[in-house]
Amino acid sequence: MTVLGCIADDFTGATDLAGLLARSGASVNLRIGTPDGPPAETADFEVIALKCRTEPVAEAVAETKAALAWLKRTGAERFFWKYCSTFDSTAQGNIGPVAEALMAELGAAQTIYCPAFPENGRSIFMGNLFVGEQPLSESSMKDHPLTPMRDSNLMRLLTPQVTRPVGLANRLVVDRGVEALQTRFADLHKDGVAHVIVDAVSDGDLTTIARACADMNLMTGGSAVAMPLPAIYRERGVLGAGASGTQHAAPEGGALVLSGSCSAMTRAQVAAYLEQADGYRLDPLELAEDGVDAARNWLLSKPAAAPKIIYATADPKSVGAAQNTLGVARAGKLVEDALADLAQLARDNGTRRFVVAGGETSGAVTKALNVDKLSIGREIAPGVPWTYTRSNGHAIALTLKSGNFGSENFFADALDMLS
Ligand code: ADP
């Protein structure tokens, strides 16, 4: 029976959460969207990946409610709403409205909000979110194209998104331990506070918080506050003691890196990998003129076993130039469609190990490979696991990396792990 049902508001966020839960050795399934049929072959932890971060509120609420309904059918009685560790949202939502809708469905009077991920430099102090040493509003998130974060105070960010009062359990309370934190929750509840922001600056804080919240039927946060849950469930006997996760054998076959992320870290990763692998650069302007045939021919000319990368990854200046000519959406779509097409071609020609960089890119590639359920394997970098699935009858290994995750040698490290 599933012990925790999780809903993530984007794709790579779902793999991030699934990877941290799988560190415990428990079985974890990641579903791409809410499955159509009833639950089958369920895992200890079920994670549904949605793509609702920036959807209109009503759509995000409807989709998460449908995901919750499916997760309830797995037998799960506890649920987790996962969003970004930088609290990516607008004044309308969708973090708060979805949480309130899930609370209503579950009859929950109170829930917590803890996007902290200390291992990746996200911490919360006195209700303010930091990225490394910078307040959120001074980090590069202030310029995000869809969800610019111009305030670092989580109470101020959440309040306009919800109908009921927001409160804070600060670091001083968390530091006093589980009972003090639970007392704080009870006091806030007496004052009518339904939404509690909880400070956390270290993994130890996250363990205290997870312990204090283990009986709540809904928790919300980044992935990291869910990480202590498997161990806590084991102590309580709701999760079996032994490792239940599958030992995955890496499928034999060629390997390919596909990169559509243009983040600073991905640019460094692409440059590092090009020192040891053959590379083909996709240019949106060329794709618009001549289509994807040149890239297809390049791919077909390479032996399946040779290390290779196809990338659209470019610096802000080239991205801007392509966007000026084609428009932001068309430039992005040309690249995503090309990478999706090349992923199919590679699979049909014997590639069985795929490394994909970029959140949107990952969505396009998994869709093209017709993948709906991923079984989670070993972690390559914090929040980025290998996953195993089938595509058109072939066993494949796939890793989906969001823009800024992983270190410079991520691509080579990922593939070395399988050999
Ligand atoms: P990240 O996880 O870094 O945000 P995404 O894949 O989510 O990466 O987003 C990157 C977007 O940029 C995708 O839509 C991709 O198609 C687009 N893109 C990639 N390369 C280029 C380029 N050279 N010019 C314009 N857009 C690009």
Side-chain angles (χ1 to χ4, degrees), residues 8-16 19 32 49-55 83-86 88 120 131 139-149 223 257-271 273-274 279-292 294-295 309-343 354-369 380-384 398-408 410-411 414:
D9 70 349
D10 89 334
F11 226 82
T12 42
T15 36
D16 166 12
I32 310 292
L50 298 179
K51 204 168 171 302
C52 63
R53 184 169 294 170
T54 53
E55 277 186 342
Y83 38 81
C84 190
S85 61
T86 41
D88 300 13
N120 277 341
V131 176
S139 76
S140 61
M141 283 304 298
K142 69 181 186 303
D143 300 320
H144 192 280
L146 303 176
T147 50
M149 301 307 289
S223 53
V257 177
L258 294 165
S259 179
S261 159
C262 297
S263 75
M265 182 45 84
T266 305
R267 294 205 311 272
Q269 289 162 340
V270 169
Y273 195 60
L274 282 171
Y280 187 93
R281 191 172 78 83
L282 292 173
D283 177 347
L285 295 166
E286 282 172 23
L287 288 172
E289 286 281 314
D290 306 320
V292 75
I309 173 169
I310 300 178
Y311 61 101
T313 306
D315 58 33
K317 214 171 125 204
S318 340
V319 172
Q323 289 175 337
N324 280 340
T325 310
L326 302 165
V328 174
R330 175 133 191 268
K333 181 140 179 18
L334 281 164
V335 167
E336 285 171 35
D337 288 350
L339 289 170
D341 180 79
L342 293 161
F354 291 88
V355 177
V356 185
E360 294 299 322
T361 308
S362 295
V365 169
T366 41
K367 193 162 172 216
L369 293 177
I380 306 155
V384 200
L398 186 66
T399 183
L400 309 171
K401 185 196 80 76
S402 87
N404 277 314
F405 279 19
S407 58
E408 220 168 280
F410 178 86
F411 297 144

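Read the numbers this way: they start at 1 and go in the same order the structure lists the ligands and their atoms.
Within the 4.5 Å cutoff, the side chain of Val335 has heavy atoms near those of the Leu339 side chain. Between Val355 and Tyr273, every side-chain heavy-atom pair lies at or beyond the 4.5 Å cut-off. Residues Thr366 and Phe11 are in side-chain contact: their nearest non-hydrogen atoms beyond the backbone lie under 4.5 Å apart. Considering only heavy atoms from C-beta on, Val384 comes within 4.5 Å of Thr399 through its side chain.
Close contacts of ligand 1 with Ala314, meaning ligand atoms under 4.0 Å from a residue heavy atom, involve 23 (N). For ligand 1, the atoms sitting less than 4.0 Å from at least one non-hydrogen atom of Cys262 are 19 (C), 20 (N), 21 (C), numbered in the order shown with element in parentheses. Proximity to Gly359 (heavy-atom distance under 4.0 Å) selects the following atoms of ligand 1: 1 (P), 2 (O), 5 (P), 6 (O), 7 (O), 8 (O). The ligand atoms of ligand 1 that sit less than 4.0 angstrom from a heavy atom of Glu360 are 5 (P), 6 (O), 7 (O). Atoms of ligand 1 lying under 4.0 Å from any heavy atom of Thr361, numbered from 1 in the order shown and given with element: 6 (O).
Considering backbone and side-chain atoms alike, Ala331 places every N or O at 3.5 Å or more from each N or O of ligand 1.
Here atom 17 (C) of ligand 1 lies nearest to Gly332 when heavy atoms of Gly332, Gly358, Gly363 are compared. Of the listed residues (Thr12, Leu285, Leu334, Val335), the one carrying the non-hydrogen atom nearest atom 27 (C) of ligand 1 is Val335.
For the atom pair Met149 CE and Asp88 CG, the distance stands at 6.0 Å (nearest 0.5 Å). To the nearest 0.5 Å, atom CG of residue Leu400 and atom CD1 of residue Ile32 are 7.0 Å apart.
The protein atom (non-hydrogen) at minimum distance from atom 3 (O) of ligand 1 is Ser261 OG, 2.7 Å. In terms of protein heavy-atom proximity, atom 11 (C) of ligand 1 is closest to Gly260 O, 3.9 Å. Atom 13 (C) of ligand 1 has its closest protein heavy atom at Glu336 OE2, 3.4 Å.
With hydrogens and angles ignored, the 3.5 Å screen pairs a side-chain donor or acceptor of Thr266 with a backbone N or O of Gly403. Judged by distance alone, with hydrogens and angles left aside, the side-chain atoms of Gln269 form a donor-acceptor pair with the main-chain N or O of Phe405 at under 3.5 Å. Of the possible polar contacts, one joining the Thr313 side chain to the Ser261 backbone as a donor-acceptor pair under 3.5 Å is found.
Ligand 1 is never approached by Thr266 to a heavy-atom distance shorter than 4.0 Å. Residue Pro284 places a heavy atom less than 4.0 Å from ligand 1.
Residue contacts with ligand 1 for Ala312 involve both N, CA, C or O and side-chain atoms from C-beta outward (heavy atoms, distance under 4.0 Å).
Considering Thr15, Asn120, Asp16 in turn, Asp16 is the only one that fulfils the side chain to side chain donor-acceptor pair (under 3.5 Å) rule with Ser223.
For atom 7 (O) of ligand 1, the nearest protein heavy atom lies closer than 4.0 Å.
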